[in-house]
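Below: the structure, in structure tokens.
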2 protein chains.
Amino acid sequence: MRNLTLLTDLYQLTMMNGYFKNGVDKNTVVFDLFFRKNPCQNSYTIIAGIEQVIDYIENINFDEEDLTYLKSLNLFNDEFINYLRNFKFTGTIYSVEEGSIMFPYEPILRVKAPAIQAQLIETALLNIINFQSLIATKASRICTAAKGDSVFEFGLRRAQGPDAGIYGARAAVIGGCVGTSNVLAGKKFDIPVIGTHAHSWIQTFETELEAFRAYAKVYPNNTLLLVDTYNVLNSGVPNAITVFKELREQGYKPQGIRIDSGDIAYLSKEARKMLDAAGFEDTTIVASSDLDEEVINNLKLQDAAVNAWGVGTNLITSKGCPALGGVYKLSAAEENGELVPKIKISENPEKITNPGYKKVVRIYDIENGKAQADLIMLDDEEININEPLTIFHPLYTWKKKTFRNYRIREMLVPLYEDGTLVYKRKSMKEICEYTKAELDTLWPEYRRLNRPQLYKVDLSKKLWDLKNEMMGQFREE
Amino acid sequence: MRNLTLLTDLYQLTMMNGYFKNGVDKNTVVFDLFFRKNPCQNSYTIIAGIEQVIDYIENINFDEEDLTYLKSLNLFNDEFINYLRNFKFTGTIYSVEEGSIMFPYEPILRVKAPAIQAQLIETALLNIINFQSLIATKASRICTAAKGDSVFEFGLRRAQGPDAGIYGARAAVIGGCVGTSNVLAGKKFDIPVIGTHAHSWIQTFETELEAFRAYAKVYPNNTLLLVDTYNVLNSGVPNAITVFKELREQGYKPQGIRIDSGDIAYLSKEARKMLDAAGFEDTTIVASSDLDEEVINNLKLQDAAVNAWGVGTNLITSKGCPALGGVYKLSAAEENGELVPKIKISENPEKITNPGYKKVVRIYDIENGKAQADLIMLDDEEININEPLTIFHPLYTWKKKTFRNYRIREMLVPLYEDGTLVYKRKSMKEICEYTKAELDTLWPEYRRLNRPQLYKVDLSKKLWDLKNEMMGQFREE
């Protein structure tokens, strides 16, 4: 495991030293990790990276090389360096499960820890969760557009560095992709790897037909041929069909073709006709050319005869929305031995935080199993599910909704209790099944690619009162 | 060092196995790594990541765990797995120097190696060079907008995974940033790290003034205070001035303030007046709020009183253009013991490759030292600098230009000779100085942020003839 202890902003360390020097380092604080906006105009975000957060925390360790480096900065004295030498995370973290669907302003992780510890981990937690959640969500959009067709993640060469390729592939699979071209990600996370050959394969042989034959010889059971090196319909597909016939005569079942350029709608439909006419109705056509959810959506509208989509750059970088703006904000702090709610005021109402030690409750319709709304509450609040539950919009408070036949679910589960890992890791298969089940609880209206319906996230009355009281107090001052 | 041997697309391995099985694995091939478009509508690209390419190649090693995994895919037999067990890169690579300025279609790396080896490394090379070059170029644009002000890289929490933060910080510094908030990047590459405190520091104390005092007590020589937790002009700046006066009385020199929200133009100018009126004319104002080159440019046009800029998300993800589309294309291959030029034809003229074993020559004006044009040539061509040199546009061939008082420079230098590393690594300081000197060879017209002048990249007559002949041959077929 890589030691990412120094994967933090310098100001975390200067603040830690400041708490240490001011004798407030052991004061308990609470931070919420949340985002204010779903990526890509989506109505939901798939949270991914929780397991890498665990890897990170388990491996926190300032080694001697780290400490020598920190000393060289001339910002920290030996007492603080010694403190770091023995640093261990002893806090409590609640988190959503890997692959959960969450909405703006909801705590995704809730960290309760001594100030000095909670501060250190902010940057890495955000780095990990922001990126994987972004890519899982982007992948989900692309899979929605593909309407059940297989989607493959092919973006490693354009990913923002090795980790972006590796963890991006993982997140893409959580978001619905069925495999990746990235071998290291395949090995690391036990996810299917996919790939056949490139144009360079064709070019290293004297003719396309010769190259196809050479490939089929080595992979007679997995012959998927890239047909656009010279000309798809005049050269690639006819040559592929020649080789497919040879395979058939030898008793093999050819797999199909891949088209990587040109007009995918036209070429795929023509190629389909040619393949079908030659008796290869059950071969696959894979498309892979600068695709994203919009392009796939449009190609589908024109009945492109594509069975599987290889998506690269636009998925792995989430082009158009390359960052999820997750933040980590103080919501409570110990004062004279008691945990006091904290709020961050801003001129911009969207940037005002929700104070206090909170939880998130999801309300499901018992009859159809669909998610109806979420409620952000204080942690000590209870819902009596034997009584109707009325929620209200936090700004337009006259907008109310009452649930009668409902069940509730607390979204945050224990990850760490007093420094001890208590979360059970899941296999990728389990995570993918979980995310699929999560998506099934959303009405299709929330999954529309353009202008989806907004999912309701309200505050409990008690939290709403607390927040308004604190905002009022601040204004008076 | 991390072993990234499996950081490749599966099709590289299936092709390698295919070459192996077809007995052409040892045939020498030549691949060029190049891009077709500068990122962000820039007119140049700063190449970064060469040293990480070296790290990657030096550490290529299929370990037993890798081999067990590959066997489990049921695509490769023991003979091939044994070959991989002893895999070593024995090829020759020429590359531009780290931090060089390059232009579309120019070979940045030229790999000459046995087919089986050249294929493996494609994906990692692209992954590394694409990302770091993208961020170095984006940083260069942002620094151009900042007109000599310091620019800090603050994006780790929004970077696309840990590596994107780490290598992105490195690339940002090559592109002109003077430091990063990322401690791990600072340690790894010996680049300045920067940071003071966050809003959470303020919030953990009962009042802003108390928080400022606590900070100044710990860092009396580096007191840079974040002034926008409550209200910049009514609270933050007056409190900062109070603490600055206390520091002054104790003989310390306060450093300045940071503004992280609100209208930076207005707030910085007002804050400047207040600081100056209190006798703190030489304090710094740092701005850091969703900045990029356009925002900085506009704030500068309104005389924002900002001395240093902290840029996060938009730099580290290169928002708006989050991928550089570098490619790796076959340009020559051994046939019957001879290296034969290869071309990739496409309906899209921009996608037709330049064939043959090539080099890049830059032509400088001797008098003013400015770069005049680049010429892509075959490797065995020579320029007699005692004679005038005439170049011509590859498409509009009547557009010609003749140089008389010029010097030339070959951009590609040896990185590997027959598998042996021959490139001398440079310190980050040397790289940054080199890149700065590179930028100084560009007329300002090429460095304009919007619609810059396009830099001339022509083909030598011999290369142009070869390319046209090969295109003609293909059309006849």
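As the structure is a prediction and not an experimental result, all values here were calculated from the model. By convention in this document, chain letters (A, B, ...) are assigned in the order of the sequence lines, proteins followed by strands, and residues within each chain are numbered from 1.
Of the two parts of Ile166(B), only the side chain, counted from C-beta on, holds a non-hydrogen atom closer than 4.5 Å to a non-hydrogen atom of chain A. The contact between Lys217(B) and chain A is made entirely by side chain atoms (from C-beta outward), counting heavy-atom distances below 4.5 Å. With a threshold of 4.5 angstrom between heavy atoms, Leu156(A) approaches chain B through its backbone and through its side chain. Using a 4.5 Å cut-off between heavy atoms, Phe76(A) contacts chain B through its side chain alone, with no backbone atom that close. Interface remark: Val183(B) contributes backbone and side-chain atoms alike to the contact with chain A (heavy atom separation under 4.5 Å). Heavy-atom distances place no part of Ala115(A) under 4.5 Å from chain B, backbone and side chain included.
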For Leu226(B) and Tyr11(A): C-alpha separation, side-chain torsions, deciding distance, then whether side chain to side chain contact (heavy atoms under 4.5 Å, CB included) applies.
CA-CA 11 Å; Leu226(B) 178 61; Tyr11(A) 79 2; over 6 Å; no

Step-by-step side chain to side chain contact (heavy atoms under 4.5 Å, CB included) determination, Lys344(A) to Ile202(B)
CA-CA 10 Å; Lys344(A) 162 88 177 71; Ile202(B) 307 297; over 6 Å; no

Should Glu335(A) and Thr204(B) be marked as a side chain to side chain contact (heavy atoms under 4.5 Å, CB included) after you check the CA-CA gap, both sets of side-chain angles, and the distance that decides it?
CA-CA 9 Å; Glu335(A) 278 175 17; Thr204(B) 47; over 6 Å; no

Evaluate side chain to side chain contact (heavy atoms under 4.5 Å, CB included) for Lys329(A) paired with Gln203(B), printing each intermediate quantity in order.
CA-CA 10 Å; Lys329(A) 295 290 177 191; Gln203(B) 287 176 278; 5.6 Å; no

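The candidate from Gly186(A), Ala323(A), Gly320(A) with the greatest count of non-hydrogen atom pairs under 4.5 Å with chain B is Gly186(A). The greatest number of non-hydrogen atom pairs below 4.5 Å with chain B, out of Pro322(A), Ala333(A), Gly168(A), Pro192(A), is found for Pro322(A). Among Val24(A), Leu184(A), Leu324(A), the residue with the largest count of heavy-atom pairs under 4.5 Å with chain B is Leu184(A). Among the candidates Tyr230(A), Phe20(A), Phe131(A), the residue making the largest number of heavy-atom pairs closer than 4.5 Å to chain B is Phe131(A). Your options are Gly49(A), Ala164(A), Pro162(A), and the one with the most heavy-atom pairs under 4.5 Å with chain B is Pro162(A). Between chain B and the residues His197(A), Arg157(A), Gln52(A), Glu334(A), the most heavy-atom pairs under 4.5 angstrom are made by Arg157(A).
No more than 12 heavy atoms of other residues, nucleotides or ligands shown are found within 6.0 angstrom of CG on Asp190(B). For Asn77(A), the CG atom is densely surrounded, since the number of other residues' heavy atoms within 6.0 Å is greater than 12.
Rounding to the nearest 0.5 Å places CG of Asn130(A) at 11.0 Å from OG1 of Thr317(B).
Side-chain contact annotation: Gln119(A) with Ser200(B), donor-acceptor N/O pair under 3.5 Å present. No hydrogens or angles considered: a donor-acceptor pair under 3.5 Å links the side chains of Asn17(B) and Tyr219(A).
Heavy-atom minimum distance, Leu134(B) versus Gln160(A): CD2-NE2, 3.9 Å. A pairwise comparison of heavy atoms in Arg2(A) and Asp163(B) identifies NH1-OD1, 3.1 Å as the closest pair. The minimum heavy-atom distance linking Asp66(B) with Lys187(A) is given by the pair OD1-NZ, 2.8 Å.
With sequence neighbours left out, the salt bridge (Lys or Arg N to Asp or Glu O under 4.0 Å) criterion links Glu210(B) to no other residue.
Checking Leu6(A), Leu70(A), Asp9(A), Leu73(A) one by one against Val193(B), the side chain to side chain contact (heavy atoms under 4.5 Å, CB included) holds for a single residue, Leu73(A).
For Trp201(A) and Tyr19(B), the ring centers sit closer than 6.0 Å to each other.
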